[in-house]
Amino acid sequence: MAADIKQFFEVYPAQPQATIPVGIRINDMVVANGLAGIDSVTGEPAGDLVAQMSKILEHLQRLMERAGGSMDNVVRCSAYVTTMADREPIYEPWEALYPDKADRPGLKALLAELPAGHLVHLDAVGIIGGKRTRIDIPNITARDPAVKMGNWFFTSRCHGNDQTTGKIVEGGLEAETRQTFENFATLVKLAGGTEDNIVQVNMFGRDDSYKEVARKVFEERFPDPAKRPVCHQMVNVVSNSMQISIEMMAAL
């Protein structure tokens, strides 16, 4: 693995007084964790929720530029807010930055505890030189897209939508989980790969009660432990219209 790393460095803000890196570059991949809407030197929050999200996007732009790329190379982001009411407003500056639905990174908004005064944090992944390609299953609408960039393919949170009707399948948690993996198989095929290319799945349920059933479906879908993707199961916000949300990452 170490032999595959040709380039690795931390990326710092432009101000010489700022001592905390905003991200790292590993080969062509740029990763940022916990970007906050704060002044890079003083650490003071920028203002209200939308102001902090706007400041975060400024930090992300500088990160991508100082890493040798641009915001066109951002492929997926995860936002963390402290209340359900704060999930929607962060899309205002996001969609102003990326107005073209056909060319927009994936974004999901989760709930988390944040430091005092911090209203939103952001994780981001970018690939220098990459170009986003949005992948959709016909009949299934998605605000936040599945995106292929280079040999990487990322989905935002996907659900148990029937591929013909677009509606969540009936049958509860197990049926929704199985349908979501069917949808992953279709998405990764549309991206030019197969299920064997899936390297990680992240599951989200409203409480721990979903984990056993969802894990059983996952292991049935990927029966060989040696070839099974990494699976993380988390408790976080899930829409009332469904039982589970899952996202995946594939190396094509």
Side-chain angles (χ1 to χ4, degrees), residues 31-37 49-50 52-53 56-57 60 74-95 104-125 140-147 153-161 167-169 171-184 187 198-219 221-222 228-250:
V31 180
N33 286 318
L35 285 176
L49 175 66
V50 173
Q52 289 190 26
M53 184 65 176
I56 286 172
L57 295 177
L60 179 58
V74 177
V75 61
R76 187 178 73 166
C77 294
S78 301
Y80 303 90
V81 295
T82 59
T83 70
M84 286 289 290
D86 286 349
R87 295 179 69 231
E88 182 62 28
I90 64 171
Y91 280 91
E92 178 184 332
W94 175 259
E95 292 179 353
R104 180 183 290 166
L107 174 70
K108 65 175 182 285
L110 301 175
L111 298 182
E113 294 184 6
L114 299 176
H118 291 223
L119 302 177
V120 57
H121 280 187
L122 191 76
D123 296 343
V125 177
I140 297 180
T141 59
R143 180 178 192 175
D144 296 303
V147 180
F153 181 49
F154 299 88
T155 75
S156 191
R157 300 205 300 173
C158 295
H159 317 109
N161 299 83
K167 297 179 179 180
I168 299 295
V169 296
L173 173 61
E174 183 170 342
E176 289 182 31
T177 305
R178 293 188 187 281
Q179 184 61 46
T180 304
F181 281 112
E182 288 294 332
N183 293 344
F184 284 159
L187 283 167
I198 298 175
V199 296
Q200 180 173 312
V201 298
N202 298 327
M203 298 182 173
F204 302 89
R206 280 187 286 273
D207 55 55
D208 287 331
S209 64
Y210 87 97
K211 291 183 177 179
E212 183 177 353
V213 171
R215 184 80 194 192
K216 181 192 75 169
V217 174
F218 166 72
E219 292 182 354
R221 189 81 192 198
F222 301 96
R228 188 177 291 157
V230 174
C231 177
H232 299 292
Q233 291 184 295
M234 291 162 278
V235 173
N236 214 289
V237 59
V238 175
S239 171
N240 290 332
S241 63
M242 59 196 67
Q243 300 296 314
I244 190 171
S245 294
I246 313 176
E247 65 181 14
M248 68 93 166
M249 177 172 65

Run Thr83 and Leu111 through side-chain contact (heavy atoms from CB on, under 4.5 Å) and show every step you take. CA-CA 6 Å; Thr83 70; Leu111 298 182; 5.6 Å; no
If you measure from CZ on Arg104 to CD on Glu95, what distance do you get to the nearest 0.5 Å? 4.5 Å
Lys216 backbone acceptor or donor facing Glu174 side chain under 3.5 Å: no
A side-chain contact here means heavy atoms from C-beta on lying under 4.5 Å apart; do Gln52 and Ile90 qualify? no
Using a 4.5 Å cut-off on heavy atoms from C-beta on, say whether the side chain of Val235 contacts that of Asp208. yes
Glu176 and His159: side-chain contact (heavy atoms from CB on, under 4.5 Å), yes or no, with the steps? CA-CA 7 Å; Glu176 289 182 31; His159 317 109; over 6 Å; no
So, does Ser156 use its side chain to make a donor-acceptor pair with the main chain of Leu107 at under 3.5 Å? yes
Flag side-chain contact, heavy atom, 4.5 Å: Pro93 against Val50: yes
Please test Tyr91 against Asp144 for side-chain contact (heavy atoms from CB on, under 4.5 Å), starting from the C-alpha separation and ending with a verdict. CA-CA 11 Å; Tyr91 280 91; Asp144 296 303; 2.8 Å; yes
Tell me if a side-chain donor or acceptor on Asn202 pairs with a main-chain N or O of Met234 at a distance below 3.5 Å. no
What is the minimum heavy-atom distance between Ser241 and Ile168, and which atoms define it? O-CG1, 4.1 Å
For Ile140 and Cys158, run side-chain contact (heavy atoms from CB on, under 4.5 Å): C-alpha distance rounded to whole Å, both residues' side-chain angles, the deciding distance at 0.1 Å, then the answer. CA-CA 10 Å; Ile140 297 180; Cys158 295; over 6 Å; no
Can you tell me if Asp123 uses its side chain to pair, donor with acceptor, with the backbone of Gly34 under 3.5 Å? yes
Is the cationic atom of Arg221 (NZ for Lys, CZ for Arg) positioned less than 6.0 Å from the six-membered ring centroid of Phe184 and within 45 degrees of its normal? no
Counting distance only, does the side-chain N/O of Thr180 pair as donor-acceptor with the main-chain N or O of Gly160 below 3.5 Å? yes
I need the minimum non-hydrogen distance between Ile244 and Val238, along with the two atoms involved. N-CG1, 3.9 Å
Closest contact, heavy atoms only, Phe204 versus Leu110: CE2-CD1, 3.8 Å
Please find the pair of heavy atoms, one from Ile198 and one from Pro229, that lie closest to each other, and give the distance. O-CG, 3.4 Å
Do any N or O atoms from the side chain of Thr155 and from the backbone of Met248 form a donor-acceptor pair under 3.5 angstrom? yes
Can you label the angle between the Phe218 ring and the Phe181 ring as parallel, tilted or perpendicular, going by 30° and 60°? tilted
From Thr82 OG1 over to Glu113 CD, what is the distance, rounded to the nearest 0.5 angstrom? 9.5 Å
Taking all non-hydrogen atoms of both residues into account, name the closest pair between Val169 and Ala175 and its distance. CG2-O, 3.7 Å
Can you find a pair of side-chain heavy atoms, one from Cys231 and one from Glu219, that are under 4.5 Å apart? no
Hey, could you give me the CZ/CE distance between Arg76 and Met249, rounded to the nearest 0.5 Å? 6.5 Å
Salt bridge check, Arg178 against Glu182: does any charged N sit closer than 4.0 Å to a carboxylate O? no
So, applying side-chain contact (heavy atoms from CB on, under 4.5 Å) with Val237, which one of Arg206, Lys108, Arg157 is it? Arg157
Side chains of Ile246 and Thr177 in contact at under 4.5 Å (non-hydrogen atoms): yes
Between Trp94 and Cys77, which heavy-atom pair has the shortest distance, and what is it? CH2-SG, 3.7 Å
